[in-house]
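Just below is one structure, and these are the notes that go with it.
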Amino acid sequence: VRNGQVLPDAFIDLRDRVNDYWDRGLLGVAADPAFAQNGFVYLFYVYENDPFTYSGPKTSRVVRVTASGDEADPATEVVLLGGLPADSASHNGGAMRFGPDGALWITTGDASSFNAVDPLALRTQSLDSLAGKLLRVGPDGRGLADNPFWNSDADAVRSKVYAYGFRNPFRLTFRPATGRPYIADVGANDWEEVNAVVRGGNHGWP
């Protein structure tokens, strides 16, 4: 969109690599704080690794592409985070924003059944699983040394985790006065949630 008008050409065409079964697809988009200088745009999508198992378990990824004018060539894609769970047709999270601290914040769902608590939901309680987390990483997708579970390995899952225990955290924002993250999480049968996120906190699911 420019000046309120939809441009005739897409910014980028990822149809050959995105799985769009049920709630899957392109789930998050974030522009780099220095976009005017570097043209970087970050995308969170469910990766289509095998179209012959269209409805089967998948993984999501966070990638960076580089814009040139109003478009980005898919060939500029760099995978920053791969292997984000997308076993289920839903509950894949996908909120992604740069925070006031300059870090890239990403939410992931439990990627498990939306009808019942199955064993996959328990991954939200493991700091070594990417499922059901609020991740805080640098623009390169690596963990940050001031994260609560930092273990001196920027590539370790737990070094990227800021908080855990989420079911399907599909929206993320930051309180203006404090920079504290707030997450909208899908409840089960009783209520939806707005979580005032606690650093290093276990937010309860399942």
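Worth knowing before you read on, the calculation uses all heavy atoms, side chains too, and leaves out hydrogens, waters and symmetry mates.
- In the hydrophobic clustering, V194 connects to Y182, either directly or through intervening members, whenever side-chain heavy atoms lie under 4.5 Å apart.
- The list of salt bridge (Lys or Arg N to Asp or Glu O under 4.0 Å) pairs with a residue in residues 24-38, not counting sequence neighbours, is empty.
- Listed by chain and residue number, R142, D153 satisfy the side chain to side chain contact (heavy atoms under 4.5 Å, CB included) test with D155 (two or more places apart in sequence, or in another chain).
- Among pairs with a residue in residues 55-88, none fulfils ring-ring contact (aromatic ring centres under 6.0 Å, His included), at least two apart in sequence or across chains.
- Among residues at least two apart or in separate chains, ring-ring contact (aromatic ring centres under 6.0 Å, His included) pairs with a member in residues 88-112 are Y42-F98, W105-Y162, W105-F174.
- Side-chain contacts under 4.5 Å among hydrophobic residues (ILVMFWY), followed directly or transitively, place W150 with no other residue at all.
- Within the structure, salt bridge (Lys or Arg N to Asp or Glu O under 4.0 Å) pairs that include any residue of residues 111-127 comprise D87-R123 (at least two apart or interchain).
- Applying the salt bridge (Lys or Arg N to Asp or Glu O under 4.0 Å) test to pairs two or more places apart or on separate chains, those with a residue in residues 91-116 are D101-R136.
- No donor-acceptor distance shorter than 3.5 angstrom exists from the side chain of T124 to the backbone of A131, with no hydrogens or angles considered.
- Residue pairs meeting the salt bridge (Lys or Arg N to Asp or Glu O under 4.0 Å) criterion with at least one partner in residues 162-171, sequence neighbours excluded, are absent.
- Counting side-chain heavy-atom gaps under 4.5 Å among Ile, Leu, Val, Met, Phe, Trp and Tyr, the cluster of F170 also holds V186.
- Side chains of K160 and N147: a donor-acceptor N/O pair is absent below 3.5 angstrom, by distance only.
- Every pair tested for ring-ring contact (aromatic ring centres under 6.0 Å, His included) that includes a residue from residues 58-85 fails, sequence neighbours excluded, so the list is empty.
- Side-chain contact of E193 with N195: a donor-acceptor pair under 3.5 Å is present, judged by distance alone.
- Using a 4.5 Å cut-off between side-chain heavy atoms of Ile, Leu, Val, Met, Phe, Trp and Tyr, V117 falls into a hydrophobic cluster with W205.
- Remark: R158 is not positioned above the aromatic ring of F149, lacking an NZ or CZ atom under 6.0 angstrom from the ring centre and at most 45 degrees off the axis.
- Within 6.0 Å of CG in D190 there are more than 12 heavy atoms belonging to other residues, nucleotides or ligands.
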